[in-house]
Protein chains: 2
Amino acid sequence: MTRRPAPGTRQRILKTAARLFGERGARAVGMQEVVEETGLGKSVLYREFSSKDDLVAAWVRELDAETWSHMDQALAPYEGDPARQLLKVVEFAQASVQAPGFYGCTFYNTSAEFRDPAHPGRQEAVAHLDQLRRRLRDLALAARATDADALADMLMLIISGLYANAATLGSSGPAGRATAAARILIDQHIAPAHQVGRERERDSC
Amino acid sequence: MTRRPAPGTRQRILKTAARLFGERGARAVGMQEVVEETGLGKSVLYREFSSKDDLVAAWVRELDAETWSHMDQALAPYEGDPARQLLKVVEFAQASVQAPGFYGCTFYNTSAEFRDPAHPGRQEAVAHLDQLRRRLRDLALAARATDADALADMLMLIISGLYANAATLGSSGPAGRATAAARILIDQHIAPAHQVGRERERDSC
DNA sequence: ATCAGTCCGGACCGATCGGTCCATTGTTGG
DNA sequence: CCAACAATGGACCGATCGGTCCGGACTGAT
C-alpha cells in the first residue's frame with residue numbers, strides 16, 4: 001500500500017551538489033539551484049538533508065572518503081616503502097590539481113567560506129586535514145625520519161601550498177614545483193639505507 | 001553654499017569592512033551590516049564604492065599596499081643580503097599568522113570565496129600573489145640561486161601552505177615549521193658562500 | 001477496480017540580500 | 001538671517017535566500 005522512496009536519490013543529490021559547490025563555492029550556490037539541477041523537488045532534498053549546512057557537511061565528508069580511497073590505491077604499489085609513499089602523496093595531490101574541474105581544494109575552500117568553527121562543513125574539512133597530517137606523520141615514522149613530526153608538517157605545507165597556488169595562479173605556477181620541493185625535504189629527513197651519511201654533508205648545523 | 005562631504009569617510013568604511021570581511025568572510029557580511037557598523041548611511045557608502053564587489057576589491061587592494069609596506073620594513077635591515085631576505089619573507093609571514101585577528105590569508109580567502117575570474121576582488125588578490133611570486137624570484141636571482149625560479153616557487157608553496165594551515169589547524173600546527181622548511185630549501189639552492197647567516201639558532205635540523 | 005497511504009514537485013513563507021531614492025538635515029554664500 | 005542646495009540617514013525596492021507545506025500523483029494490498 002505504501003509508496004516507496006526512489007533509491008539512489010541521496011547519491012544523486014550529493015553528486016549534483018559536489019559539482020555546483022565545487023565549481024562556484026558552496027555559499028554562491030542556492031538550494032533552489034541544487035533542486036533544479038537534480039530535477040527533484042525541495043521536499044526530497046530536505047528529507048535527505050536537514051539543512052544546507054548538513055548538505056555541505058555531507059558533501060565534504062563524501063569527498064573525504066573518496067580522497068582516502070583514491071590515495072590508498074595510489075600508495076598501494078609502494079607498500080613497505082614509506083619514504084616513497086610520502087613522495088607519492090605529494091605526487092597524488094599534484095596530479096589532482098591538473099585534472100579538469102579542479103577549482104581549489106574543497107577542504108581549504110570550505111574552511112575559507114565558513115569561518116564559524118561550529119559549522120559542520122568546516123568541522124569535516126578540518127578533520128580531513130588533521131587526518132592527512134596524521135597519515136603523513138605515520139609514514140614519516142615508518143620511514144625512520146630523523147624528525148617525523150617536522151617532516152610530516154613540512155609536507156603538509158607543500159601540499160596545502162600546492163592546492164592554494166593551483167587555485168589562484170594555475171597549475172602551471174608554483175604548484176608545479178611541489179614534488180621537487182617534497183623530494184628535497186624528504187631527502188633531508190630520511191637517510192637512504194645504502195647511502196648513509198649523505199644527509200650529513202648537507203646538514204652543516 | 002554647498003555642503004561639503006565629511007573627510008576620512010572612505011578610510012573609515014574601509015577599516016570597518018576590513019574587520020568584518022576579514023573576520024567572517026566577505027560573502028557572509030552584508031552591506032547593511034557594514035553600514036550599521038560605520039554609523040553612516042547607505043548613500044554614503046554607495047557614493048564611495050559603486051558596489052559590494054567594488055568595496056571588496058578596494059579592501060583587498062588596501063591590504064596589498066599595507067602588506068608590501070610592512071614587508072619592506074621587515075626586509076630593510078637585511079638590504080644587500082638577498083638570501084637572508086628570502087628567509088625573512090617567510091618569517092614575516094609566519095609572524096603574521098600568530099597575530100590576534102588572523103583569520104586566514106585575505107588573498108587566498110577572497111579567491112576561495114569569489115571563483116569568477118572576472119570578480120575585481122579576486123583579480124586584486126591574484127595580482128598580489130603574482131607580485132609576491134615575482135619578488136621572491138627577484139630575491140632568489142639576487143642571491144644567485146642555482147635555480148631562482150624553482151626556489152621562488154618552492155617558497156611560495158611554503159608561504160601559502162603556512163597561511164592555509166594556520167587558518168585551518170591553527171598557528172601551532174604545521175604552520176610552525178614554515179621557516180625551518182624554508183631554510184632547507186634555501187640552503188639547497190644557494191651556494192655556501194651566499195648562504196643565510198648562521199647567527200640564529202635553528203628550530204630543527 | 002478500489003482506496004488508503006506515502007511520496008514529491010513546486011507554490012509559498014518570512015528574512016535578508018545588494019542597491020536606489022527621497023525627505024530631512026546641515027552648511028555656506030550673500 | 002535667510003535662501004539655496006548638497007550631503008545624509010534610512011525607508012524602500014525587487015530578487016533571492018534557506019526552509020515549510022500542501023494537493024495531486026503514484027503505489028500496492030485487497
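Here the structure is a predicted model, which means the values were calculated and not measured. Throughout, a chain's letter reflects where its sequence line sits, starting with A, and its residues are numbered from 1.
DNA chain D is contacted by both B:V35 and A:A28; B:V35 maps to the nucleotide lying nearer its 5′ end (nearest heavy atom per residue). Place A:L40 and A:Q32 on DNA chain C by their nearest nucleotides, and A:L40 ends up nearer the 5' end. Both B:K52 and A:G41 lie close to DNA chain C; mapped to their nearest nucleotides by heavy-atom distance, the more 5′-ward contact belongs to A:G41. For A:S50 and A:E33, each mapped to the nucleotide of DNA chain D holding its nearest heavy atom, the one lying further toward the 5' end belongs to A:E33.
Picking from C:dG19, D:dG9, D:dT20 the nucleotide with the shortest atom distance to the side chain of A:K42 gives D:dT20.
Counting non-hydrogen atoms under 4.0 angstrom, A:V29 reaches the backbone sugars and phosphates but no base.
For the pair A:Y46 OH and C:dA11 P, the computed distance is 17 Å after rounding to whole Å. Note: CZ (A:R27) to C1' (D:dT16) measures 15 Å, nearest angstrom. Distance CE (B:M31) to P (D:dG14): 20 Å, rounded to an integer number of Å. One atom, CD of B:E48, and another, C1' of D:dA7, lie 12 Å apart when rounded to the nearest Å.
Residues B:Y163 and B:F102 are in side-chain contact: their nearest non-hydrogen atoms beyond the backbone lie under 4.5 Å apart. Side-chain contact between A:R137 and A:D149: present, with at least one pair of heavy atoms (C-beta onward) separated by less than 4.5 Å.
Within the structure, every side-chain polar atom (N or O) of B:R47 is placed at least 4.0 Å from both OP1 and OP2 of D:dA7.
A cation-pi geometry, defined here as NZ or CZ lying under 6.0 Å from the six-membered ring centre and within 45° of its normal, does not hold between A:R122 and A:F114.
A salt bridge links B:D72 and B:R135; the closest N-O separation between the charged side-chain nitrogens and carboxylate oxygens is under 4.0 Å.
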